[in-house]
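Everything quoted here is computed from the prediction, not taken from an experiment. Because only heavy atoms are used, hydrogens play no part in the values below, and waters and symmetry mates are left out as well, while side chains stay in. Here is how names work: the chains are called A, B, and so on, in the same order as the sequence lines, proteins then strands, and each is numbered from 1.
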Amino acid sequence: MRAILHLLRSHPSPISHFNFHLHLSPRFLSSSSSRFHLHQPTSEEALQHHSHHTQHLSTTSHREKPLISLIKSCSRSHLVQIHAHLLRTSLLQSPTISLALLTHIALSPSRNLSYSLRFFSQIPKPNICHYNTMIRAYSLSNSPEESFRFYREMRRNGISPDPLSSSFVTKSCIRMNSLLGGLQVHAKILSDGHQSDSLLMTTLMDLYSIRQKCDDACKVFDEMSHRDTVAWNVLISCYTRNGRTRDALGVFDTMQSSRCGSQPDDVTCLLVLQACANLGALEFGERVHSFIREHGYGNALNLCNSLIAMYSRCGCVGKAYDVFKGMPNKDVVSWSAMISGLASNGHGREAIEAFREMQRMGIVPDDQTFTGVLSACSHSGLVDEGWMFFNSMSKEFRIMPNVHHYGCMVDLLGRAGLLNQAYDLILSMAVKPDATMWRTLLGACRIHCHVTLGERIIEHLIELKAQEAGDYILLLNIYSSVDDWEKVIEVRKLMKEKGIQTTPGCSTVELKGVVHEFVVDDISHPRKNEIYEMLDEIGMQLKIGGYIAEVTSELHNLGADEKETILSYHSEKLAIAFGVLATPPGTTIRVAKNLRTCVDCHNFAKVLSGVYNREVIIRDRTRFHHFREGRCSCNDYW
DNA sequence: GTAGGGTTAG
């Protein structure tokens, strides 16, 4: 590679020439870049070349190429040397060379923005590549808003942005969480006529998706002239993120149909598995699993990890374990997924055992592993173990507890009835407790009918301006459980005044890969008549089996009979009745509920599991309720 | 002509 040395010598600086060569020593060049083996020139040699070559500093591409290669491969400190050198020659006139240097300074792993800015200002006539490099560099930085400066400036200087310029500023908008900025960029994209660039439109979709403008994202998708797999994947991610989980599954089918030109890939599977996990759609998840095997993705670590999570969240911890067992290599994500899966399915002891096994295998736990371990303690009521892990995570593993860890502890202490300990723990936190934390404790107050603490927590939530319908519902539950109907009416009035909308409870049950959805008193299902008949029949059978309606679950101060009627059409019960109706005897009924399942539905499912000899699994917002042979497998309601 | 873009595990 003598040619490189020759090249460097051929563009010397009259002043810094010697210094330059001194720093680009052969040792550096052979160690930092094995491609170059230079010999160190003597000062005589250098001077000789200097005088010989200074007169022709032409920037023909065959002479630039090796220098560009050198720029790309050298370290930061040597870039500074090269920069100084270029400043003293006319080489900065060459857009190719200035771009190579700018790219290296602005986008390499050790990028330096203030240096990039300084260098950019020295480029005689920046072109679109220079501008795009700056826009991109800022879009990746901590001040993404700065990229707009260059986006505007290039226009002012008569350079029209290309689709990539817009793509980078769209990324900036995503990082800035700015929908308004995104709308402005979108308008520019249209006026620049770049709407046919599908990659750019995909970025824009993602922006709308993240800002919860699902319809706008879909509109962009619909208007795209060409949709590749990534575009479809972004659509799935958009649906999942914005609560249209069933539509996300629909996309997986559409992609496999002949009318769609794009086939699902590994990322599609990853996204669809998330959707299945959210919906508890086991059969669909199994279909995705088959697809993964058929397409040779079966050993992909990320897909296996997602499968573990999906099976766990569908209440099939056994299948999750099968995937886990079959993995040749397991990382911290695999172990954490398995630990959380065991924990949420009521196998607290096994989860803790898995945690110990993981450490024996030399896998270092991270913060999410501890979330799983602490939730194992919480779901199994292991208070002492919980404290032990909570204390050891910071002492032994140097992991500072985050809101999730505190949340698990509050849940653990709260469920165990140690409400004051839980309250004190929240107050002891270094960071201000968020609404979720208070909500967890409020849930515990509901379990233990603790009125005064419940009221205090509502005050905290009001202070955070974060009260949601669910919080008032919990408070109502607390009042109704102690028969304080005046307070119940008061809270209802308050909710009305504040215009608080309650989220409708919704239960889903999957049948042959199709997800059926029910709300309270639902009459939208095509088989509604059969379902209500079945529910009446079940009601009679369960009464014989010892089921008594738990009337405190209903909040209104009605007569007991009326309460019972309202209770009997809760969405969970409709979903379970449909399950009994539509599946062969003995089939497990799996229900996913978006809110908390009430005590009455819990008892209903428990008795049903015995009378009808059905395994019933209800997954609600906080946990699994697992029933078999008339018993609940984990600690009953709490 | 020059550099360069989108989705993504617990």
Side-chain angles (χ1 to χ4, degrees), chain A residues 59 61 64-65 68 72 94-104 106-108 123 126-137 139-140 162-171 174 194 197-207 209-210 217 220-221 224 227-241 251 262 264-274 277 292 297 300-313 320 323-324 327 330-344 358 365-373 375 404:
Chain A
T59 52
S61 80
E64 288 170 355
K65 265 188 184 162
I68 289 166
K72 283 181 179 168
S94 156
T96 335
I97 289 176
S98 59
L99 181 63
L101 199 57
L102 181 68
T103 308
H104 199 127
L107 293 171
S108 68
I123 298 169
N127 63 23
I128 187 167
C129 307
H130 297 114
Y131 276 108
N132 282 355
T133 305
M134 289 309 282
I135 295 172
R136 178 156 188 240
S139 79
L140 299 167
D162 66 2
L164 274 109
S165 328
S166 303
S167 174
F168 300 141
V169 283
T170 308
K171 274 279 182 194
I174 292 174
H194 293 150
D197 187 305
S198 57
L199 270 74
L200 175 56
M201 294 329 251
T202 311
T203 317
L204 203 55
M205 272 181 77
D206 202 39
L207 170 84
S209 159
I210 287 167
V220 172
F221 181 80
M224 278 167 71
R227 306 178 189 103
D228 64 5
T229 300
V230 180
W232 286 94
N233 289 349
V234 175
L235 183 68
I236 295 174
S237 136
C238 174
Y239 281 145
T240 309
R241 186 179 280 140
V251 175
S262 306
D265 66 0
D266 53 341
V267 177
T268 317
C269 295
L270 218 52
L271 294 163
V272 176
L273 285 175
Q274 277 182 346
I292 288 170
Y297 302 141
L301 192 62
N302 54 357
L303 284 173
C304 289
N305 294 343
S306 287
L307 282 167
I308 295 170
M310 183 275 292
Y311 280 126
S312 300
R313 296 201 60 203
V323 174
F324 180 77
M327 290 172 73
K330 305 176 182 78
D331 66 358
V332 62
V333 179
S334 330
W335 283 95
S336 306
M338 198 63 245
I339 290 168
S340 299
L342 287 165
S344 60
M358 160 186 175
D366 67 8
D367 55 339
Q368 295 200 58
T369 320
F370 276 101
T371 307
V373 172
S375 92
H404 302 290

Check your understanding: Base, sugar-phosphate, or nothing: which does A:Asp162 touch, judged by heavy atoms less than 4.0 Å apart?
Key -> base
**Study point:** Any side-chain donor near an acceptor of the partner, A:Ser98 and A:His130, under 3.5 Å
**Key:** yes
Practice item. Using a heavy-atom cut-off of under 4.0 Å over every strand shown, decide if A:Ala231 touches base, sugar-phosphate, or nothing. Key: base
Exercise for review: With sequence neighbours left out, write down each residue that passes side-chain contact (heavy atoms from CB on, under 4.5 Å) with A:Leu270, or none if nothing qualifies.
Suggested key: A:Asn302, A:Leu303, A:Ser306
Practice item. Identify whether any heavy atom of A:Val234 sits under 4.0 Å from a base atom; if not, whether one sits that close to sugar-phosphate; answer base, sugar-phosphate or nothing. Key: sugar-phosphate
Check your understanding: What does A:Ser306 touch in the nucleic acid at a heavy-atom separation under 4.0 angstrom: a base, only the sugar-phosphate, or nothing?
Key -> sugar-phosphate
Exercise for review: Give A:Thr203 one of three labels, base, sugar-phosphate or nothing, depending on what nucleic acid heavy atoms sit under 4.0 Å from its own.
Suggested key: sugar-phosphate
Check your understanding: Base, sugar-phosphate, or nothing: which does A:Asp206 touch, judged by heavy atoms less than 4.0 Å apart?
Key -> sugar-phosphate
Practice item. For A:Leu271, answer base if it contacts any base atom (sugar-phosphate contacts may also be present), sugar-phosphate if it contacts only those atoms, and nothing otherwise; contact means non-hydrogen atoms under 4.0 Å. Key: sugar-phosphate
Practice item. Give one of base, sugar-phosphate or nothing for A:Asp228, where a contact means two heavy atoms less than 4.0 Å apart. Key: base
Review point. Reckon A:Ile339 touches a base, only the sugar-phosphate, or nothing at all at heavy-atom distances under 4.0 Å?
Key: nothing
Revision key, fill the gap. Hits for side-chain contact (heavy atoms from CB on, under 4.5 Å) against A:Thr268, two or more places apart or cross-chain, chain-then-number order -> A:Thr229, A:Asn233, A:Ile236, A:Phe252, A:Met255, A:Pro264, A:Asp265, A:Val272
Practice item. Give one of base, sugar-phosphate or nothing for A:Thr369, where a contact means two heavy atoms less than 4.0 Å apart. Key: base
**Study point:** Residue pair A:Ser262 / A:Asp228, side-chain donor-acceptor N/O under 3.5 Å
**Key:** no
Revision key, fill the gap. By ring-ring contact (aromatic ring centres under 6.0 Å, His included), A:Tyr239 pairs with (sequence neighbours left out) none
Point to revise | Nucleotide range of DNA chain B lying under 4.0 Å from chain A heavy atoms | key: B:dG1 to B:dG10
Practice item. Mind checking ring-ring contact (aromatic ring centres under 6.0 Å, His included) for A:Phe168 and listing every partner two or more places apart, or none if nothing turns up? Key: none
Practice item. Look at all strands and tell whether A:Arg241 reaches a base, only sugar-phosphate, or nothing, counting heavy atoms closer than 4.0 Å. Key: sugar-phosphate
Exercise for review: Only pairs at least two apart or in different chains count here, so list each salt bridge (charged side-chain N to carboxylate O under 4.0 Å, His left out) that has a residue in residues 229-241 of chain A.
Suggested key: A:Asp206-A:Arg241
